[in-house]
Amino acid sequence: MKIIIGCDNAAVGLKNEIISFLETKDCEIVNVGCDSKEDPTYYPEIAKRVCEKVQESNYEARGILICGTGLGMSMTANKFKGIRAALCHDCFSAERAVLSNDANVLCLGERVIGYELAKKIVDTWLPLKFKDGRSTAKVALMNKIDSDNLK
């Protein structure tokens, strides 16, 4: 699986921890920054980089975005057509994000959760795939709203 990952300067430590964790999962990892706490790049630019790469992959790749709270990343990511970004600070939300909502971008907040919980959340989210079922019509409606509103 290909994972596009990025963070702002508030979350470099957690991003590096997640990258090390993903390397043990045999993932192809594309790091789009930030790589230091001194990097002044704002989180919307990082979210844009990740989302555009997920789009370019024809939504085969997934994204992980990390900032201080995960809020700004998720708000920005959901402005991109075809991106369903979910802010998850627990494993149940990560599970439901994929199984109920077909989320393709996971957002995390370094200042909200610890590194070990973040790795468990990623480990929960990573292998899941959306399957047709009770949520199919809901996801289709989200996609229609997406198409109608994001040109």
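For the pair H89 and I121, the tightest heavy-atom approach, listed with the atom from each and the gap, is C-CD1, 3.4 Å. I113 approaches L108 most closely through the heavy-atom pair CD1-CD2, 4.0 Å. Closest approach of Q55 to I83, counting heavy atoms only: CG-CD1, 4.4 Å. Minimum heavy-atom separation, I19 to I29: O-CD1, 3.7 Å. Listed here is the closest heavy atom pair of M73 and C107: C-SG, 4.1 Å. Across A47 and A77, no two heavy atoms sit closer than the pair CB-N, 4.3 Å.
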### Query
What's the verdict on side chain to side chain contact (heavy atoms under 4.5 Å, CB included) for L14 and C7, showing C-alpha distance, side-chain angles and the deciding distance?
CA-CA 9 Å; L14 181 56; C7 71; over 6 Å; no
### Task
Would you sort out whether L22 and L126 count as a side chain to side chain contact (heavy atoms under 4.5 Å, CB included), showing the intermediate values?
CA-CA 9 Å; L22 289 170; L126 197 60; 4.0 Å; yes
### Message
Walk me through whether Y43 and N9 qualify under side chain to side chain contact (heavy atoms under 4.5 Å, CB included).
### Response
CA-CA 8 Å; Y43 66 81; N9 60 11; over 6 Å; no
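Using modelled atom types, one finds no donor on one side chain facing an acceptor on the other under 3.5 Å when comparing S36 with D39. Checking N31 against K15 by side-chain atom types alone, a donor-acceptor pair falls below 3.5 Å.
Salt bridge present: E52 and K48 bring a charged side-chain N and a carboxylate O closer than 4.0 Å. By the 4.0 Å N-to-carboxylate-O rule, K119 lies close enough to E17 to be salt-bridged with it. The existence of a salt bridge linking D123 and K25 is confirmed by a sub-4.0 Å separation between a basic side-chain nitrogen and an acidic carboxylate oxygen. Between D146 and R84 there is no salt bridge, since no side-chain N of the basic residue sits under 4.0 Å from a carboxylate O of the acidic one.
There is a path of hydrophobic side-chain contacts, each under 4.5 Å, that joins M1 to L128. Linking ILVMFWY residues whenever their side-chain heavy atoms come closer than 4.5 Å, directly or via other members, leaves L87 and I66 in distinct clusters. Tracing side-chain contacts under 4.5 Å through hydrophobic residues (I, L, V, M, F, W, Y), one reaches V98 starting from F21; they form part of the same cluster. No path of Ile, Leu, Val, Met, Phe, Trp and Tyr side chains, each step under 4.5 Å between heavy atoms, connects V50 with Y42, placing them in separate hydrophobic clusters. The cluster map of Ile, Leu, Val, Met, Phe, Trp and Tyr, joined by side-chain heavy atoms under 4.5 Å apart, puts Y59 and L65 in the same cluster.
Between the CD1 atom in I5 and the CG atom in L106 there is a gap of 9.0 Å [rounded to 0.5 Å]. To the nearest 0.5 Å, the span separating NZ on K131 from OG on S100 amounts to 12.0 Å. Taking CG from D8 and CD from E45, the interatomic distance works out to 12.0 Å, rounded to the nearest 0.5 Å. With rounding to the nearest 0.5 Å, the separation of CZ in R49 from OG1 in T41 is 5.0 Å. Here S135 contributes atom OG and N101 contributes atom CG; the two are 6.5 Å apart, rounded to the nearest 0.5 Å.
Between the R62 side chain and the I4 main chain, no donor and acceptor come within less than 3.5 Å of each other. A donor-acceptor pair under 3.5 Å links the side-chain atoms of D90 to the main chain of F92, judged by distance alone. Between the side chain of S20 and the backbone N or O of N16 there is at least one donor-acceptor pair closer than 3.5 Å. Under a 3.5 Å cut-off, the side chain of S57 and the backbone N or O of V54 do form a donor-acceptor pair.
For K37, the NZ atom counts as densely surrounded, since its 6.0 Å shell holds more than 12 non-hydrogen atoms of other residues, nucleotides or ligands. Annotation for F130: atom CZ counts as buried by contact number, over 12 foreign heavy atoms lying within 6.0 Å.
Within the 4.5 Å cutoff, no side-chain heavy atoms of V105 are placed close to those of F80. Inter-residue side-chain proximity for K81 and S147 is flagged as met; some heavy-atom pair is nearer than 4.5 Å. Residues I3 and V30 are not in side-chain contact: their nearest non-hydrogen atoms beyond the backbone lie 4.5 Å or more apart.
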